[in-house]
Amino acid sequence: MEYVAQGKQLAADGYIAVTYTVRGFWQSGGEVDVAGPKDVKDVSAVIDWALAHTPADRQRIGMVGLSLGGGLTLMGAAFDPRIKAVASLSGWADLTDSLYSGQTRHLQAAALLTAVETPTGRKSPEFARMLADLFADRDLPKVVAWAQTRSPARYVDRINAHGTAVFLANAWGDSIFNPSQMTAFYQRLTGPKRLELRPGDHATQEMTSLLGLHNATWTSARRFLDSHLKGTGGRGDAPQAVQLQVRHNGATEHYPTWRAISSRTERLRLGDPGVPGDGQLGTTDRPGWHKPVAGDTDSGADGGVAELSGTLDQLAGLPPLVFLPLLPQRSAAVWQSAPYAATHALRGAARLHTTVTATAPRGTVFAYLYDVNALGVGKLISHAPQSWSGKRPGQAFPLDVSLFTTAYDVPAGHRLALVLDTKDPLYGGSTPKGSTVSFGSTAADPSELELPLR
């Protein structure tokens, strides 16, 4: 039923449009397979049916889908060479990354997937077991293997061999399928392709299309399909194949490749956060400092609420907020830059490198990057979790965190702030209660934040 309005518009544009309910949902047969082998066979079965019962042209077959449908379009492109062009809207490329990026369980994302599926779907025993194991933090290698089977990124060579044209659209704040996995997948595609990223959360950018209203994402998807199925040209073949809508200011930027979105890298050393005025980004590092924080303690900095936070960012420019002066030193390590004299245009994924010494063999760190105004109020720019296991207590080890990719302009007069803590309601961390996690920097291995800038 999601595609009734868009199916009618496609039909009005001259396509033979076939919409179907994925197995396990509503009155469709079977059980929910989450883009597994049964779902992939269904894609081909629907094409077989269309070719047998309609005057469809077997040389010009396309597929478009939203969310689960977005993942299915990419899996269909990998396993059915008859599909010449696909449009994946708010879909995924790497389901493992969606549920377990940074070796950290994405519990709110999994809970949201469960909530969406429960009213109209029938879980397969395998799917129910995978969810139960993820929530219980057990048999995670099996969960990872299950998710990898359903990840288009695993089959990108098949898509490239088929020469399928691929359109990808996602939101910066997608709390289920983060944009970093999509940009990594996009760069591996060698055929015709287009990538569009806008502010919002999971499927919020496409929501008005369900009512048949004008929708920028669906309009771009149809133009791409027109170009590669009808041969009408237009934006589908535009050399500027990457389109970004910058968060909050609404500016739209076009680039020929993903790598072109940033032109330089800024590296900011992390000063000693335990010394007043010295916990700075970009200061001269004094090697040998250590900053301990309490394990499994939420400092008040967090990634927000699944589906809600990205939507507020899209509609009102209000990502998760934090008041930096009130963050407890016991629970958080905080660094701030000096105020910027001009707009600081972040484009891509910020990366953190630091050294960690923990009192437990396993743990999780959450990294947050904020835009901070003169009053000390920080707007979340990006964040990411990173977990570890099997470490010797008391022995230092390097830790790298790649924050989720974004496009954000820090206004002149504002600061950047980096916050590290050990608990976030979005995720299932592994830092034991009562343990300590200490961050540090040495002359041989300094801690620093790497920023991609336009």
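Side chains included, hydrogens not; waters and symmetry mates left out as well; all remaining heavy atoms used.
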Inset, instruction - Return yes if a side-chain donor-acceptor contact under 3.5 Å exists between Asp201 and Ser175, otherwise no. - result: yes

Legend entry - Ser299-Asp421 side chain donor-acceptor pair, cut-off 3.5 Å: yes

Legend entry - Distance in Å, Trp218 CH2 paired with Leu225 CG, rounded so as to fall on 0.5 Å steps: 9.0 Å

Legend entry - Side chain to side chain, Val356 and Trp388, heavy atoms closer than 4.5 Å: yes

Inset, instruction - Give, for atom OG of Ser151 and atom CG of Asp97, the distance between the pair rounded to the nearest 0.5 Å. - result: 8.5 Å

Legend entry - Lys/Arg-Asp/Glu bridge criterion (N-O < 4.0 Å) met for Arg23, Asp33: no

Legend entry - Pairs meeting criterion ring-ring contact (aromatic ring centres under 6.0 Å, His included) with involvement of residues 186-209, two or more places apart: Phe177-His202

Legend entry - From CG (Asp80) to NZ (Lys41), nearest 0.5 Å: 13.0 Å

Legend entry - His344 and Tyr340 aromatic ring geometry - parallel, tilted or perpendicular at 30°/60° bounds: parallel

Legend entry - Asp133 and its salt bridge (charged side-chain N to carboxylate O under 4.0 Å, His left out) partner, picked from Arg105, Arg138, Lys142: Arg138

Legend entry - Sidechain-backbone polar pair: Asn160 side chain, Thr190 backbone, donor-acceptor under 3.5 Å: yes

Legend entry - Gln148 atom CD, neighbour heavy-atom count above 12 within 6.0 Å: yes

Legend entry - Donor on one side chain, acceptor on other, Arg194 and Gln243, under 3.5 Å: yes

Inset, instruction - Might you confirm whether atom CZ of Arg330 has over 12 heavy atoms from other residues, nucleotides or ligands at distances under 6.0 Å? - result: no

Inset, instruction - Indicate whether any N or O donor in one side chain lies under 3.5 Å from an N or O acceptor in the other, for Ser430 and Thr364. - result: yes

Legend entry - Which atom of Ser98 lies closest to which atom of Ala109, heavy atoms considered: O-CB, 4.5 Å

Inset, instruction - Hey, could you give me the CG/OG distance between Leu68 and Ser90, rounded to the nearest 0.5 Å? - result: 12.5 Å

Inset, instruction - State the OH-CD distance between Tyr255 and Gln240, to the nearest 0.5 angstrom. - result: 10.0 Å

Legend entry - Sequence-distant partners of Glu117, side-chain contact (heavy atoms from CB on, under 4.5 Å), two or more places apart: Phe25, Val32, Lys123, Phe127

Legend entry - Ionic contact status for Arg188 with Asp94, cut-off 4.0 Å: no

Legend entry - Test item: side-chain donor near acceptor, Asp400 and His353, under 3.5 Å: yes

Inset, instruction - Let me know which of Val372, Leu416, Leu418, Leu281 forms a side chain to side chain contact (heavy atoms under 4.5 Å, CB included) with Gln336. - result: Val372

Legend entry - Arg150/Glu126 salt bridge by N-O under 4.0 Å criterion: yes

Inset, instruction - Decide whether Thr343 and Asp409 meet the rule of one side-chain donor and one side-chain acceptor closer than 3.5 Å. - result: no

Inset, instruction - Could you tell me whether the side chain of Ser309 and the main chain of Val305 form a donor-acceptor pair under 3.5 Å? - result: yes

Inset, instruction - Taking all non-hydrogen atoms of both residues into account, name the closest pair between Thr311 and Thr204 and its distance. - result: OG1-CG2, 3.2 Å

Inset, instruction - Tell me yes or no: between the side chains of Thr436 and Thr359, is some donor less than 3.5 Å from an acceptor? - result: no

Inset, instruction - With rounding to the nearest 0.5 Å, note down the distance linking CG in Leu195 to CD1 in Ile261. - result: 9.0 Å

Legend entry - Closest heavy-atom pair and its distance - Val410, Ile381: CG2-CD1, 4.0 Å

